[in-house]
Amino acid sequence: MSGEANATDPAEDGRVRDDPSGMPRDPEVRKARRDRKVEKIRRRNHRFIVEIPLILWLVLVWAVLWGEFNLTNLTVGVIFAVLVTRVLALPPVTLSHRFNVLQGLVLGVTFLYQVTKASFQVLWVAIKEGPNVRSAIVGVQLRTGNDLLITAVANTTGLIPGSVLIEVDRSTGTLYFHVLNVKNDAEVESFRQVVQDTEAAWIRMLGTHQELAMLHEEDERLGRKRRLAVLRAPNLSGGDS
């Protein structure tokens, strides 16, 4: 009697029950679980394919460090490379699957120009200002939280003489730089604009379609006519170029 009184029909309480095999009775729930499993396997396989160049590079570094390119050494290198990529796995990087060759050429040429120009400017600042040069820590928040673009912008800006990357806040997409010869707020804002222009250049070259559409809307709103991946660098003698 008491057992019958306490028994509850699954249909009456409105909850989805699993059958004795552990599978949900609702077909939609079953399909959702299967889709999640398939997606997990697909991502794991895709991640391994993406990591193949990294594994080959680690094997090459291993062989160079040991100075031997025989089969035994390369096999050991492969084992360690796979262990490193499995145990010390980095966060997955989302690729846009697009690359604009023209924008890439423009970015590459202007990058070399800015590196050369900034090198002479740093030399001139060192001669002119000496130990009296004033610097600043400048934070720049980017448009996107894409790890690949954050890394690209940080490295590109840091490689141009005159600024050094000191911190990355991945949660907010903010980069912090130590910037040479900054004397007022206007020069701080000028540097921020330079970094954001660098981000725009990378988006034009290999950003996602959504990021590119966002940038085009910004171009229309601000009336920008030049839509090439041109890199700029802060003019260390004042202003920007």
Side-chain angles (χ1 to χ4, degrees), residues 54 88-96 103-104 106-108 110-208 210-212 214-215 217-219 221-222 224 226 228-241:
L54 174 60
L88 305 176
L90 295 174
V93 176
T94 302
L95 302 177
S96 64
Q103 301 286 18
V106 173
L107 190 151
T110 55
F111 171 74
L112 292 176
Y113 168 73
Q114 296 295 353
V115 168
T116 303
K117 185 183 72 170
S119 299
F120 287 102
Q121 289 181 342
V122 169
L123 175 62
W124 174 245
V125 168
I127 295 173
K128 181 182 177 182
E129 302 290 340
N132 299 320
V133 64
R134 296 183 61 183
S135 302
I137 305 298
V138 182
V140 186
Q141 186 167 12
L142 304 182
R143 303 172 180 83
T144 177
N146 186 313
D147 289 336
L148 180 61
L149 287 179
I150 291 175
T151 304
V153 174
N155 285 315
T156 304
T157 306
L159 286 172
I160 297 176
S163 64
V164 177
L165 178 71
I166 58 175
E167 186 177 350
V168 177
D169 188 342
R170 184 168 174 257
S171 63
T172 61
T174 304
L175 306 177
Y176 294 90
F177 293 91
H178 178 274
V179 188
L180 184 69
N181 200 29
V182 175
K183 300 176 182 177
N184 50 55
D185 292 341
E187 293 181 354
V188 169
E189 290 304 319
S190 174
F191 179 81
R192 286 199 178 104
Q193 187 59 53
V194 165
V195 177
Q196 290 175 345
D197 288 346
T198 301
E199 179 193 17
W202 277 99
I203 290 176
R204 297 185 199 282
M205 184 176 73
L206 50 71
T208 65
Q210 292 80 3
E211 291 164 344
L212 192 61
M214 175 188 66
L215 187 60
E217 291 178 2
E218 183 180 310
D219 291 335
R221 186 174 67 254
L222 299 179
R224 293 193 192 120
R226 185 181 65 181
L228 293 176
V230 176
L231 292 185
R232 298 190 306 124
N235 190 331
L236 299 178
S237 60
D240 57 87
S241 60

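Along the sequence shown, residues carry numbers from 1. Quick caveat, the model's predicted, so the values are computed rather than measured.
A pairwise comparison of heavy atoms in Ser119 and Pro161 identifies OG-CG, 3.5 Å as the closest pair. What you find for Ala152 and Thr156 is that their closest heavy atoms are O-OG1, 2.7 Å. Heavy-atom minimum distance, Gln141 versus Thr172: NE2-O, 3.3 Å. The two atoms that bring Ala233 and Gln114 nearest to each other are CB-OE1, 3.3 Å, heavy atoms only. Shortest non-hydrogen contact noted between Ala229 and Gln103 is N-OE1, 2.7 Å.
In this structure, the side chain of Glu211 does not engage the main chain of Ile203 through any donor-acceptor pair within 3.5 Å. Between the side chain of Glu199 and the main chain of Thr144, a donor-acceptor pair closer than 3.5 Å is present. Remark: the backbone N or O of Leu112 is paired with a side-chain donor or acceptor of Thr116 at under 3.5 angstrom.
Considering only heavy atoms from C-beta on, Leu165 stays 4.5 Å or farther from Thr157 through its side chain. You'll find the side chain of Trp202 stays beyond 4.5 Å of the side chain of Leu148, heavy atoms only. Within the 4.5 Å cutoff, the side chain of Leu142 has no heavy atoms near those of the Leu149 side chain. Counting only heavy atoms from C-beta outward, the side chains of Leu231 and Tyr113 never approach each other to under 4.5 Å. Arg204 places a side-chain heavy atom less than 4.5 Å from the side chain of Asp219. Counting heavy atoms from C-beta outward, Glu187 and Val179 have side chains that stay 4.5 Å or more apart. Counting heavy atoms from C-beta outward, Arg170 and Asp147 have side chains that approach closer than 4.5 Å.
The distance from atom CG of Leu123 to atom NZ of Lys128, rounded to the nearest 0.5 Å, is 13.5 Å. For the atom pair OG1 (Thr110) and CG (Leu228), the distance works out to 9.5 Å, reported to the nearest 0.5 Å. Rounded to the nearest 0.5 angstrom, Asn155 CG and Thr198 OG1 are separated by 12.0 Å. Taken to the nearest 0.5 Å, the CD atom of Gln121 stands 10.0 Å off from the CG atom of Leu180. Residue Gln210 holds its CD atom at 11.0 Å from CG of Asn146, rounded to the nearest 0.5 Å. In this structure, Glu189 CD and Asn184 CG are separated by 10.5 Å, a value rounded to the nearest 0.5 Å.
Counting non-hydrogen atoms of other residues, nucleotides and ligands closer than 6.0 Å to CG of Asp185 gives a total of 12 or fewer.
Scanning for ring-ring contact (aromatic ring centres under 6.0 Å, His included) contacts around Phe191 gives Phe177, with sequence neighbours left out. Listed by chain and residue number, Gln193, Arg232 satisfy the side-chain contact (heavy atoms from CB on, under 4.5 Å) test with Asp197 (two or more places apart in sequence, or in another chain).
Taking the charged nitrogens against the carboxylate oxygens, Glu129 and Arg134 have no contact shorter than 4.0 Å, which rules out a salt bridge.
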Check your understanding: Should Asn181 and Val122 be marked as a side chain to side chain contact (heavy atoms under 4.5 Å, CB included) after you check the CA-CA gap, both sets of side-chain angles, and the distance that decides it?
Key -> CA-CA 9 Å; Asn181 200 29; Val122 169; over 6 Å; no
